[in-house]
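Here the structure is laid out as structure tokens; the discussion comes afterwards.
Just so you know, ligand 1 is whichever comes first in the structure, and atom 1 is the first atom listed for that ligand. As the structure is a prediction and not an experimental result, all values here were calculated from the model.
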Amino acid sequence: MSGVNEIRGTFSVTYDHRVLFSDGVFEPGNAALADVMTPGEAGRPAGVLAFIDTGLAGAMPELAGRVAGYVRGWPGRLRLVAEPVVVPGGEAAKKGTETFERAVRALHDAGLDRHSYALIVGGGAVLDAVGFAASVVHRGVRHVRVPTTVLGQNDAGIGVKNGIDLFGRKNFLGTFSPPVAVVNDFTLLRGLPAGHWRDGTAEAVKVALIRDGAFFEWLDERAGLLAGRDEAAMRRLIFRCAELHIRQITAGGDPFEQGSARPLDFGHWAAHKLEQLSNFSITHGHAVAVGIAIDTLYAARTGLLAAADADRVVGCLRKLGFELAVGRGVSPLGRERLEPLLEGVAEFREHLGGQLSITMLRGIGQAVELHEIDLDLMQRCAADVLFADE
Ligand SMILES: NC(=O)c1ccc[n+]([C@@H]2O[C@H](COP(=O)([O-])OP(=O)(O)OC[C@H]3O[C@@H](n4cnc5c(N)ncnc54)[C@H](O)[C@@H]3O)[C@@H](O)[C@H]2O)c1
Ligand SMILES: [Zn+2]
């Protein structure tokens with residue numbers, strides 16, 4: 001006799017997703033970081049292993065010493081298990097398994113256990129690669145993120161994902177692993193090169209366009225100020241993006257992306273492909289700006305979005321300082337040779353499985369999911385953005 005027996009139970013896990021803002025987080029008296037890392041059982045100080053991005057270490061040579069000094073300054077609470085580990089910054093950190101393996105080894109050598117903390121200080125790429133390592137060692141060592149780029153503080157660091165690039169594919173390997181906390185220190189951004197300062201503003205335009213029309217107006221009015229490195233405007237931008245992200249993750253109904261829609265990936269199918277086809281000479285934020293322009297043009301040409309709104313979006317990206325006609329710098333592409341880019345649409349679906357779902361705009365601040373894309377039209381939109389100068 002055939003039959004099915006089943007034993008079933010359900011459980012859920014609650015995450016407290018926290019983003020703290022404080023200037024000078026490694027100053028001896030600043031309790032923000034010490035407070036998020038709780039001592040272990042019987043009040044045993046929590047072991048801490050810090051990882052620091054080389055780019056940041058280059059801009060602030062004394063930082064590794066300050067981080068170590070900070071941890072030593074909370075003897076009842078924290079325990080420095082080893083000197084901070086400096087890891088390569090930028091996309092190199094995510095390319096293949098090298099940095100990931102280095103971080104796994106460092107976590108092993110330092111004897112980090114599940115009551116200890118990996119303290120990851122760096123740009124989005126380092127947060128992704130080292131966060132991935134922390135998420136698989138002992139099936140998950142707790143980690144705290146201290147993002148040190150604008151894009152890290154307003155986007156990458158706030159998310160619950162990590163990952164590395166493998167087989168030439170962006171984020172092919174990775175996990176969903178929310179950090180214990182994200183601690184944003186604006187003062188760490190002061191040594192950022194201009195391009196990386198600008199990069200994060202593309203993600204701000206993205207989240208404004210899909211969620212908050214008034215925020216887009218605000219951004220559009222202050223684009224010149226932001227491009228000119230106005231700190232007050234950038235602080236506001238980062239805070240508002242973090243709020244919108246936290247809301248999407250905690251109230252959006254799909255924090256671990258089990259459905260097919262990924263609204264926070266608006267403009268990203270093209271962005272991921274442009275990064276890869278340019279051999280990462282186009283940075284993530286820059287590629288996102290170009291990807292937003294392509295999808296915005298598509299939305300306008302399919303009649304979803306008013307042409308005047310599309311012009312404003314593209315105008316805002318330009319005011320922020322983004323060069324959008326980057327096609328000639330991406331050698332596999334030409335005005336009549338855009339198939340390698342369009343493969344990004346299929347890869348986007350494949351990454352998630354299930355139905356194709358591309359976020360588009362039907363107004364400023366209003367997202368809509370499309371399940372079919374007219375690839376010929378998309379190709380013409382991409383050509384008009386990427387080769388606008390030909
Ligand atoms: N996990 C996610 O949800 C998520 C979301 C968005 C983006 N990302 C990923 O984040 C990455 C991009 O991150 P990013 O824009 O922060 O760039 P990045 O991490 O590549 O850093 C850019 C450069 O700035 C340097 N740097 C970092 N902090 C610095 C500082 N304070 N001063 C001087 N130099 C500094 C780095 O060494 C690097 O050379 C991409 O790989 C992208 O895929 C992940
Ligand atoms: Zn992004």
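In this structure, atom 28 (N) of ligand 1 lies nearest to the protein heavy atom Thr148 OG1, 2.8 Å. At the top of the distance list for atom 6 (C) of ligand 1, counting protein heavy atoms only, stands Asp155 OD1, 3.1 Å. Nearest protein heavy-atom contact of atom 3 (O) of ligand 1 is Lys161 CE, 3.8 Å. Protein heavy atom closest to atom 15 (O) of ligand 1, with residue, atom name and distance, is Leu151 CB, 3.5 Å. Scanning the protein for heavy atoms near atom 38 (C) of ligand 1, the closest one is Gly90 N, 3.5 Å. Looking from atom 16 (O) of ligand 1 to the surrounding protein, the closest heavy atom is Thr149 OG1, 2.5 Å. Protein heavy atom at the shortest distance from atom 24 (O) of ligand 1 is His196 CD2, 3.7 Å.
The shortest N/O to N/O separation between Leu189 and ligand 1 does not fall below 3.5 Å. Considering backbone and side-chain atoms alike, Glu91 places an N or O below 3.5 Å from some N or O of ligand 1. At least one N or O atom of Asp53, backbone or side chain, sits closer than 3.5 Å to an N or O atom of ligand 1. Distances between N or O atoms of Lys94 and those of ligand 1 include at least one value under 3.5 Å. For ligand 1, the polar-atom distance check against Glu203 finds no nitrogen or oxygen pair separated by under 3.5 Å. Among the atoms of Ala59, none of the N or O lies under 3.5 angstrom from an N or O of ligand 1. At least one N or O atom of Leu188, backbone or side chain, sits closer than 3.5 Å to an N or O atom of ligand 1. Residue Gly159 has no N or O atom closer than 3.5 Å to an N or O atom of ligand 1.
Classified by interplanar angle (parallel below 30°, tilted 30° to 60°, perpendicular above 60°), the ring pair Tyr70/Trp74 is tilted. Ring geometry for Phe167 versus Phe172: interplanar angle over 60°, hence perpendicular rather than tilted (30 to 60°).
Using a 4.0 Å cut-off between charged nitrogen and carboxylate oxygen, Arg301 and Asp384 count as a salt-bridge pair. Between Arg235 and Asp23 a salt bridge is recorded (basic side-chain N to carboxylate O distance below 4.0 Å).
Of all heavy-atom pairs spanning Ile238 and Asn184, the tightest one is CG2-ND2, 3.9 Å. Counting all heavy atoms, side chain and backbone alike, Ile210 lies closest to Leu361 at CG2-CD2, 4.2 Å.
Within the 4.0 Å heavy-atom cutoff, Gly191 counts among the residues contacting ligand 1. For Asp128, the heavy-atom gap to ligand 1 drops under 4.0 angstrom. At least one heavy atom of Lys170 lies less than 4.0 angstrom from ligand 1.
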(request) Evaluate the criterion ring-ring contact (aromatic ring centres under 6.0 Å, His included) for residue pair His138 and His115; output intermediate values, then yes/no. (result) CA-CA 11 Å; His138 294 308; His115 296 279; over 10 Å; no
(message) Between Arg312 and Asp220, is the salt bridge (Lys or Arg N to Asp or Glu O under 4.0 Å) condition met? List the steps.
(response) CA-CA 8 Å; Arg312 291 190 61 210; Asp220 195 27; 3.2 Å; yes
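Within the protein, the N, O or S atoms lying under 2.8 Å from the Zn ion (ligand 2) are Glu203 OE2, His268 NE2, His284 NE2.
There is a path of hydrophobic side-chain contacts, each under 4.5 Å, that joins Met234 to Phe216.
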